[in-house]
Protein chains: 2
Amino acid sequence: MDQAQLKAIVVLSEELHFGRTAQRLGITQPALSQKVSKVENELGVILFTRAHRRIAVTEVGRIFIAHARSALIEMETAVRMAQKASAGQVGQLHLGFVENASFDVLPKAVSAYRRRFPEVDLRLSEMISAELLEKLLAGRLDIALMRPIKTELELKRRLVHQEPYVAVLPVDHPLAAASSVRIEDLAKLPMIIAAGAKATYLREQFGPLFARLGHDIVVGQEVNQLPAMLSLVSSGIGYALLPKSVTNINVPGVTYLPLATPNAPQAELVAVWRGDETNPAIKYFLSFLPRVDETPWEVASRSH
Amino acid sequence: MDQAQLKAIVVLSEELHFGRTAQRLGITQPALSQKVSKVENELGVILFTRAHRRIAVTEVGRIFIAHARSALIEMETAVRMAQKASAGQVGQLHLGFVENASFDVLPKAVSAYRRRFPEVDLRLSEMISAELLEKLLAGRLDIALMRPIKTELELKRRLVHQEPYVAVLPVDHPLAAASSVRIEDLAKLPMIIAAGAKATYLREQFGPLFARLGHDIVVGQEVNQLPAMLSLVSSGIGYALLPKSVTNINVPGVTYLPLATPNAPQAELVAVWRGDETNPAIKYFLSFLPRVDETPWEVASRSH
DNA sequence: CTCATTGATAAGCAATGCTTATTTTACCAT
DNA sequence: ATGGTAAAATAAGCATTGCTTATCAATGAG
């Protein structure tokens with residue numbers, strides 16, 4: 001059974017005339033006669049009566065044609081949808097991201113993308129970077145916005161955001177009076193830090209720096225939520241190191257200070273996706289993410 | 001686009017393995033490779049990624065396959081339904097009938113047919129014989145149960161019922177005392193008769209007989225409904241001639257008498273249908289109608 | 001490093017399905 | 001009646017399609 005055969009029968013049922021039908025289908029009349037007979041023979045049914053120079057649809061034909069119409073429409077829909085999907089206009093796009101992406105990069109990209117591709121079914125899920133990689137490789141995610149974890153896998157990545165860290169201190173702390181603060185001064189205080197694996201990236205970035213300055217990271221408290229962290233700082237229990245974009249959140253009792261230490265680590269956000277072209281929507285979403293040059297830190301620092 | 005192509009793609013999406021898929025489809029692996037590539041090239045999309053010895057369905061493929069599945073099911077349904085319709089098991093059957101058929105022949109046939117073919121959508125409509133013929137020829141009816149009107153058209157017909165007429169008289173009428181009544185005696189009384197075209201058949205049958213006996217049909221009253229006719233008789237306004245099956249209806253004040261006249265006309269009911277085989281259900285319904293030999297009246301009379 | 005597995009490609013051949021030409025059938029006008 | 005005409009079926013030839021077998025290329029496992 002073939003699209004052309006179905007179409008021939010449906011059109012013939014509209015025209016009730018072999019000549020005109022053949023013309024509409026762009027074939028000759030004998031070709032149409034053969035096509036129709038072939039279907040009738042294959043199915044063992046009579047779809048049209050051709051008696052007395054007048055074509056009529058039989059009851060069997062009426063029933064067959066009703067379903068044939070649906071089948072044709074479904075086939076056309078399949079093709080049309082596949083082509084729309086190929087242009088990234090329909091389908092699903094599974095996005096994963098770390099918490100920090102949700103403060104700035106993610107909402108901007110998502111809202112712009114949604115406006116441009118409203119028919120794409122966007123699925124968002126927040127998790128930690130290690131989990132993101134895993135789901136990405138398993139095909140459960142299309143794109144992840146995460147910290148630049150080292151990974152030698154067949155994944156593509158692009159730096160999409162880069163910002164300095166700031167120190168968060170109680171307003172009444174002696175160090176809070178200055179316009180910036182040095183790591184060496186902070187290092188003696190207890191640090192309020194995200195719980196467990198969530199803080200891996202921060203520890204990796206600042207661990208070596210602290211060590212070089214002859215200090216350890218003194219963990220005062222591990223917390224899960226950002227508001228809890230800020231409120232612990234405001235109550236004088238310690239300090240925190242956070243990406244600068246978090247200062248958008250205004251909390252009484254804390255103050256944000258730039259780090260005076262040169263070559264201080266920057267918080268980076270990368271987009272990661274599988275290189276195979278399984279989902280055309282991926283490349284379109286990527287075009288809505290900022291493009292940041294992977295420059296050395298000191299150069300990038302100037303821009304902030 | 002072709003059923004085999006759709007099926008190939010759907011099966012491949014289940015197996016994710018060209019060899020096994022080809023085997024399931026009963027073709028060789030190269031044939032399958034070609035089939036799939038051909039569809040992808042025609043649509044200009046990629047449905048499967050074949051990288052690294054591992055087949056995966058792309059997002060485009062996922063969307064295409066969902067519709068392809070529906071299309072396949074619809075095609076299979078079309079074939080199955082057409083074949084069921086060809087066996088008279090589904091579809092519509094438009095039955096037309098005259099009022100008199102509804103007293104005996106029609107309800108018996110319909111209820112037996114319904115039990116045997118419950119999925120056929122039976123449409124019943126009552127009208128007079130002339131109308132029935134017209135709708136039959138126009139294709140609006142499949143079968144009509146009607147009076148044997150003369151018609152030289154391409155219609156087939158079969159006698160399905162034959163019964164004598166009885167005279168209906170008031171119980172207290174002098175003629176009602178006998179066990180039968182002669183036309184000559186009735187002819188002097190006014191006849192209660194169906195209105196207009198509905199009485200054509202009765203007039204055609206009895207007109208010549210009355211004339212042969214030297215009488216005219218004296219119309220006392222024309223009525224539309226059978227109960228009205230009987231109640232007029234019971235009130236002594238006149239007599240009526242009705243097919244014997246109507247005596248199933250028991251009405252006080254009237255009595256039914258056989259006609260003593262030899263060779264009196266019989267009420268006949270024929271099934272009429274178009275000879276072309278446009279609706280397979282027709283022949284099955286016909287097998288549920290009684291088969292009466294078209295014998296001369298006097299022979300048939302004996303059986304009553 | 002070799003071998004096995006798997007999908008793509010190539011070449012040949014059979015079958016399908018189109019085209020043109022012709023026949024059949026029924027309707028219609030003379 | 002009877003020949004003309006319109007329309008669908010049938011026939012014959014040919015081009016295309018799509019299958020098969022054989023082979024190649026790539027990748028991953030032992």
Side-chain angles (χ1 to χ4, degrees), chain A residues 1-58 61 137 152-155 274-278, chain B residues 1-58 61 75 137 139 152-155 274-278:
Chain A
M1 190 68 56
D2 165 330
Q3 195 170 23
Q5 290 176 318
L6 292 182
K7 188 132 196 194
I9 286 164
V10 168
V11 174
L12 181 56
S13 78
E14 290 165 3
E15 294 284 355
L16 296 177
H17 188 288
F18 277 74
R20 277 197 301 278
T21 303
Q23 205 172 354
R24 253 182 76 179
L25 296 172
I27 57 175
T28 58
Q29 170 266 315
L32 177 64
S33 279
Q34 291 166 18
K35 236 193 243 286
V36 174
S37 310
K38 186 156 177 284
V39 174
E40 289 185 322
N41 290 335
E42 279 172 1
L43 304 190
V45 302
I46 297 167
L47 302 175
F48 300 95
T49 53
R50 294 103 155 142
H52 307 300
R53 199 174 181 166
R54 179 153 291 169
I55 311 277
V57 179
T58 65
L137 288 167
E152 308 299 328
L153 300 154
E154 77 263 37
L155 294 173
R274 287 187 314 284
D276 59 6
E277 287 287 316
T278 58
Chain B
M1 189 67 56
D2 166 332
Q3 195 170 23
Q5 290 176 318
L6 292 182
K7 188 133 195 193
I9 285 163
V10 168
V11 174
L12 181 57
S13 78
E14 290 165 4
E15 295 284 354
L16 295 178
H17 187 288
F18 277 75
R20 276 196 302 278
T21 303
Q23 205 172 353
R24 253 182 76 178
L25 296 172
I27 57 175
T28 58
Q29 171 267 314
L32 177 62
S33 278
Q34 291 166 18
K35 235 192 242 289
V36 175
S37 311
K38 186 156 176 283
V39 174
E40 289 184 322
N41 290 335
E42 278 171 1
L43 304 190
V45 301
I46 296 167
L47 303 174
F48 299 95
T49 53
R50 294 102 155 141
H52 307 300
R53 198 174 184 164
R54 180 153 290 170
I55 311 277
V57 179
T58 64
M75 285 167 99
L137 288 167
E152 307 299 326
L153 299 155
E154 78 264 35
L155 295 173
R274 286 187 314 285
D276 59 6
E277 288 286 316
T278 58

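Just so it is clear, the structure is predicted and the values come from calculations on it, not from any experiment. Note on naming: letters A, B, ... go to the chains in the order of the sequence lines (proteins, then strands), and numbering restarts at 1 for each one.
Sparse packing is recorded around CD1 of A:Ile46, with 12 or fewer heavy atoms of other residues, nucleotides or ligands lying under 6.0 Å away.
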Can you pull every protein N or O that's under 3.5 Å from an N or O on nucleotides 27-30 of chain D?
from	atom 1	to	atom 2	distance (Å)
D:dT27	O2	B:Arg53	NH1	3.2
D:dG28	O4'	B:Arg53	NH1	3.2

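Considering all non-hydrogen atoms of both residues, A:Thr278 and A:Arg274 come closest at OG1-NH2, 2.9 Å. For B:Arg50 against B:Ile55, the heavy-atom pair with the smallest separation is CG-CD1, 3.9 Å.
Scanning for side chain to side chain donor-acceptor pair (under 3.5 Å) contacts around A:Thr58 gives an empty result, with sequence neighbours left out. Taking B:Ser13 as the reference, nothing meets the side chain to side chain donor-acceptor pair (under 3.5 Å) condition, with sequence neighbours excluded. Residues that satisfy the side chain to side chain donor-acceptor pair (under 3.5 Å) test with B:Gln5, not counting sequence neighbours, are absent from this structure. Contacts of B:Gln3 classified as side chain to side chain donor-acceptor pair (under 3.5 Å), with partners at least two apart in sequence or in another chain: none.
Counting only residues at least two apart or in different chains, salt bridge (Lys or Arg N to Asp or Glu O under 4.0 Å) contacts with residues 21-30 of chain B comprise B:Glu14-B:Arg24, B:Glu15-B:Arg24.
Distance CD1 (B:Ile27) to C1' (D:dT21): 15 Å, rounded to an integer number of Å. Between A:Ile55 atom CD1 and D:dA7 atom P there is a gap of 11 Å when expressed in whole angstrom units. With rounding to whole Å, A:Leu25 atom CG is found 13 Å from D:dA8 atom P.
A heavy-atom distance below 4.0 Å to DNA chain D is reached by these residues of residues 3-23 of chain A, ordered by number: A:His17, A:Phe18, A:Gly19. For residues 29-50 of chain B, proximity to DNA chain D is found at B:Pro30, B:Ala31, B:Gln34, B:Lys35, B:Lys38, defined as any non-hydrogen atom under 4.0 angstrom from a strand atom.
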Show which side-chain atoms of residues 30-38 of chain A pair as donor or acceptor with protein atoms under 3.5 Å away, not counting sequence neighbours.
from	atom 1	to	atom 2	distance (Å)
A:Ser33	OG	A:Gln29	NE2	3.2
A:Ser37	OG	A:Ser33	O	2.7
A:Lys38	NZ	A:Glu42	OE2	3.0

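Taken to the nearest 0.5 Å, the CE atom of A:Met1 stands 10.0 Å off from the CG atom of B:Asp2.
Residue A:Thr28 places none of its side-chain N or O atoms closer than 4.0 Å to OP1 or OP2 of C:dC18.
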